[in-house]
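Read the structure below first, then the notes.
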Protein chains: 2
Amino acid sequence: MNVQTAQTWQSVQKEVLRRIHARDWKPGDLIPNETELAKEFGCARTTVNRALRSLAEGGLLERRRKAGTRVAAQPVAKATLNIAVIRHEVEDRGARYGYQLARREVRIAPTHISATLGVCVQDRLLHVMALHLSNDAPYALEDRWINAVHVPDALKQDFQSISANEWLLQNVPYTRGEISFSAKPASAENANYLNCPENSALLAVDRLTWDHDQSVTVVQVLFAPGHQMRTRI
Amino acid sequence: MNVQTAQTWQSVQKEVLRRIHARDWKPGDLIPNETELAKEFGCARTTVNRALRSLAEGGLLERRRKAGTRVAAQPVAKATLNIAVIRHEVEDRGARYGYQLARREVRIAPTHISATLGVCVQDRLLHVMALHLSNDAPYALEDRWINAVHVPDALKQDFQSISANEWLLQNVPYTRGEISFSAKPASAENANYLNCPENSALLAVDRLTWDHDQSVTVVQVLFAPGHQMRTRI
DNA sequence: CATGTTATTATGTATGAACATAAAAGCATG
DNA sequence: CATGCTTTTATGTTCATACATAATAACATG
């Protein structure tokens, strides 16, 4: 019953975290309710709420009205990966960024692409392929289809000096998207661009974005062999 | 100056989002300050604060004291991957989970492992290798080293029926960790366990966890070819 | 005993007021 | 003109209070 002073929500959170890590409160345990904790810490319930809510967002606590707050039995580690503009990614690593447009064409897309984008099979889409370089070495290969029906402005861009990656982010809004991570063997073409042996294991990031119910773009980014995406948990 | 009614922080957030998506407020733009928005929406500043803060956490807004709030020029998409217990992952997909212990040994670790875990090279660590199955097909191969100096209880476990993955999460706390995603070619041994051709492209998830300044475990999970980790953004 | 209704309770949210704090902008001083 | 101090301002946070809501627990009723 140590009444504390100088209560900020961070200090409350820190103390709660300490108790969880020290196993005072074990996974699955119900912890005291907000009112009791507020009394113990000598602060307002609002402050305790702020501290616990943010821990719950991180997956460490599970909260339910009336049922109370408990320590997550099996905390699902949430790995948050920042998918930034590739140029920034390279520059943040302190490397010199380079960009090469490999292909730009307006054409009818393969059926799996038009199906994914939800457009008619005979719609002409913009296909852009580009290589991103880090200190002149291949860094990532971007293979993108843009829904030119919904984004006609894209047709005016030649993507010679600015990547579609960057142009879209600056100019075309999207409201939602899907992203998936997988490993893929390098095709002959991939290997040629990325300057690696054919069938090398490549990290692939596939993205599909929508603006309300209109698809915007679908893209696959293949990273050069050995590439890692890292984060803390 | 439409004065709204029934203000919840969610409705404020929704309206702010609408304006961003409609490009009323464009990337890089400074938006009205909290006091003004509160007046416009007819709610308390606290409510506006809650709405904007949560958008800022998601990376869509950038806020700085005195400088104000602006729409992120290049919203960094934050892909949050849930790294759950593998058994749950399989079961959530509606498949039958299976588990096979492949190896369990207490031995001196390769130097890169003891270095990673920050233990003495001659410390004996627990090495566990196990195969996770989905509907009897190989799903993921777990290759793990446990810091037996810090987690002596692990030595008592045979890991015949419960995976180290699950046992650790239930029994050993950690305060922080690192996680990285990459693509790797299957070694002969990998290929044997995962029942795939040698050099297949495999998605690899590497995790390293710490309890304060003691390392807990380092693990590599290799997923069977074709595996995808998905999320919405 | 099963089932539906009601009370209770813990979290969730809104409010206005107050003060804290970071950072920009203005100002003074050498 | 450079440098350091002061003011101003927008966000950040705390608080007490009040009411909303979901979900459990208690109760009544057939």
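First the proteins, then the strands, lettered A, B, ... as listed; each starts at 1.
Under the 4.0 Å criterion applied to side-chain N and carboxylate O atoms, Glu40(A) and Arg19(A) are assigned as salt-bridge partners.
Among the heavy atoms of the strands, none lies under 4.0 Å from Thr35(A).
In this structure, CZ of Arg50(B) is placed 9 Å from P of dG12(C), rounded to the nearest angstrom. Spacing between atom CD of Glu34(B) and atom P of dG16(C) amounts to 14 Å, rounded to whole angstrom units. As a whole-Å value, the separation of Glu62(B) CD from dT11(D) P is 14 Å. Note: CD (Gln7(B)) to C1' (dA20(D)) measures 16 Å, nearest angstrom.
Note on Arg63(B): a side-chain N or O is less than 4.0 Å away from OP1 or OP2 of dG12(D). Between Thr69(A) and dT11(C) there is a side-chain polar atom (N or O) within less than 4.0 angstrom of OP1 or OP2.
When the nearest nucleotides of DNA chain D are assigned to Trp9(A) and Arg45(A) by heavy-atom distance, the more 5′-ward of the two goes with Trp9(A).
Of all non-hydrogen atoms in Val216(B) and Pro173(B), the two that sit nearest each other are CG2-O, 4.1 Å.
Residues Arg93(A) and Tyr139(A) are in side-chain contact: their nearest non-hydrogen atoms beyond the backbone lie under 4.5 Å apart.
Judged by distance alone, the side chains of Ser54(B) and Gln13(B) do bring a donor and an acceptor atom under 3.5 Å apart.
For Arg65(A), the side-chain atoms get nearest to dT21(D) when compared with the rest of dT21(D), dG12(D), dT15(C). Out of dC15(D), dT13(C), dG12(D), the shortest distance to the side chain of Arg53(A) is found at dT13(C).
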